[in-house]
Amino acid sequence: MPKPRKRLAGAAGPAGPDNKGPAGKRTKTKNPAGASATMGNSSPEKTSASKDSGKNLSNYWLMKSEPESRLEKGVDVKFSIEDLKAQPKQTACWDGVRNYQARNFLRAMKLEQEAFFYHSNCKEPGIAGLVKIVKEAYPDHTQFEKNNPHYDPSSKEDNPKWSMVDVQFVRMMKRYITLAELKTHYQAHKTTGGPLKNMALFTRQRLSVQPLTPEEFNFILSLEEKEPS
DNA sequence: GCCAACGTTGGC
DNA sequence: GCCAACGTTGGC
């Protein structure tokens, strides 16, 4: 079976037929070796379970991907939620993430956790649907592929720098939740103390893989039932 | 296509 | 270790 690839903004690759591909994604950054510095806090790389001091069971995520064609080193990095649905088993590997903070979030993901599939860098950015983690972090093979747009010559096979997870389509949102709508709530919540007051989409602008609190996740799901504001 | 935000690189 | 230059992300 082919492996799907996707790209996300910062992350994944293209959706190719199968493998081959180059994936494209944008976030590539090269980094120093140990740089895990920017991570959120201090967790440099804890690979395993993460800090669970208790609340790690309910983690939710938001993952960005570009639904419109864009070439990166000659490779189309487009990967929309429709592209994910078209993959075998509606499953794809989220390759191409080249940012330490985003990578560390990938490594913290656990089986069956849910993530919003966010469409970025497009006409109408927003949340298109829900996916779930069906394979926990493992080495991103595209870092070793010379003609992949996210090739990282500094990464060694015996100590891979970048990771990816597999995600499976769960469902489309009942209606598309636009960035503009989310922003309206975010701004209101900053003053009222509402659930989106610290949403990473606005406070960590360029992060392609980001965590959501249960409150953020549930509030966004509740928007599906309402009229777009 | 522009450009603000912000992460990375590399000189010193 | 500081910080200016540079590159990327991604909204608009």
Side-chain angles (χ1 to χ4, degrees), chain A residues 5-15 22-45 61-81 83-84 94-107 115-129 140 142-143 148-155 160-164 173 176-190 196-212 220 223 228-229:
Chain A
R5 5 188 97 242
K6 96 210 347 14
R7 92 197 265 21
L8 20 99
K25 49 214 41 352
R26 32 170 80 263
T27 3
K28 61 184 35 302
T29 61
K30 334 212 69 274
N31 32 280
S36 28
T38 52
M39 297 242 344
N41 347 281
S42 47
S43 30
E45 336 202 313
W61 310 96
L62 181 148
M63 302 168 84
K64 300 178 182 176
S65 187
E66 298 184 39
E68 295 176 3
S69 289
R70 186 175 63 80
L71 297 184
E72 202 171 296
K73 298 187 180 170
V75 177
D76 192 354
V77 298
K78 166 187 188 297
F79 193 77
S80 69
I81 197 164
D83 294 322
L84 175 63
W94 208 264
D95 62 320
V97 172
R98 297 293 182 271
N99 167 281
Y100 285 106
Q101 190 167 5
R103 179 202 69 179
N104 291 348
F105 286 132
L106 288 175
R107 291 180 177 181
F116 285 125
F117 191 113
Y118 177 88
H119 281 171
S120 68
N121 205 16
C122 58
K123 275 304 159 27
E124 181 73 279
I127 295 171
D140 177 348
T142 66
Q143 67 196 301
N148 189 285
H150 304 117
Y151 173 61
D152 182 353
S154 72
S155 184
K161 194 176 286 187
W162 305 111
S163 300
M164 63 185 181
M173 297 303 280
Y176 189 71
I177 308 294
T178 67
L179 173 64
E181 178 174 356
L182 292 168
K183 185 180 286 182
T184 297
H185 291 294
Y186 163 68
Q187 285 170 338
H189 291 183
K190 275 194 294 182
L196 300 193
K197 67 177 186 297
N198 296 128
M199 192 179 179
L201 192 59
F202 305 103
T203 60
R204 313 286 345 242
Q205 194 175 68
R206 297 172 48 189
L207 191 58
S208 68
V209 175
Q210 48 185 259
L212 292 183
I220 292 168
L223 295 177
S229 40

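Each chain gets a letter, A, B and so on, in the order its sequence line appears, and its residues count up from 1. All values derive from a computational prediction rather than experimental measurement.
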**Prompt:** In whole Å, what is the span from the CD1 atom of A/I127 to the P atom of C/dG11?
**Reply:** 12 Å
**Request:** Give a yes/no answer on whether the side chain of A/R204 brings an N or O atom under 4.0 Å of OP1 or OP2 in B/dA5.
**Result:** no
**Message:** Checking side-chain hydrogen bond (donor to acceptor under 3.5 Å, both in side chains) between A/W162 and each of A/D140, A/D152, A/T142, which is the one that passes?
**Reply:** A/D152
**Request:** Kindly compute the distance separating CD (A/E66) from OG (A/S208), expressed to the nearest 0.5 Å.
**Result:** 10.0 Å
**Prompt:** Which nucleotide in the list C/dC12, B/dG7, C/dG10 gets nearest to the side chain of A/L179?
**Reply:** C/dC12
**Item:** Atom-pair distance (NZ on A/K183; P on C/dG11), nearest Å
**Value:** 8 Å
**Prompt:** Can you tell me how far P of C/dC12 sits from CG of A/N121, to the nearest Å?
**Reply:** 12 Å
**Request:** Starting at atom CG of A/L207, determine the distance to atom P of B/dT8, rounded to an integer number of angstrom.
**Result:** 11 Å
**Message:** What's the closest nucleotide to the side chain of A/Q205 if the choices are B/dT8, C/dG10, B/dA5?
**Reply:** B/dA5
**Request:** May I ask you to say what A/F202 touches in the nucleic acid, namely base, sugar-phosphate or nothing, with a heavy-atom cut-off under 4.0 Å?
**Result:** nothing
**Request:** Nearest whole angstrom, please: distance from the P of C/dG11 to the CZ of A/R70.
**Result:** 12 Å
**Nucleotide nearest A/N99 (side chain, heavy atoms from C-beta), chosen from C/dG10, B/dT8, C/dG11** = B/dT8
**Request:** Rounded off to whole Å, could you give me the CZ-to-P distance for the A/F105 and B/dG7 pair?
**Result:** 12 Å
**Asked** From C/dC12, C/dG10, B/dG7, pick the nucleotide closest to the side chain of A/S120?
**Response** C/dG10
**Request:** Using only heavy-atom distances, determine whether the side chains of A/S69 and A/D76 contain a donor-acceptor pair under 3.5 Å.
**Result:** yes
**Message:** Distance check needed: C/dG10 C1' versus A/L201 CG, whole Å only.
**Reply:** 10 Å
**Complete:** Between NZ of A/K64 and C1' of C/dT8 the distance, given in whole Å, is 12 Å
**Asked** Is A/L196 close to A/F202 at the side-chain level, that is, under 4.5 Å between some pair of heavy atoms?
**Response** no
**Asked** Would you say the side chain of A/F105 lies within less than 4.5 Å of the side chain of A/L207, judging by non-hydrogen atoms?
**Response** yes
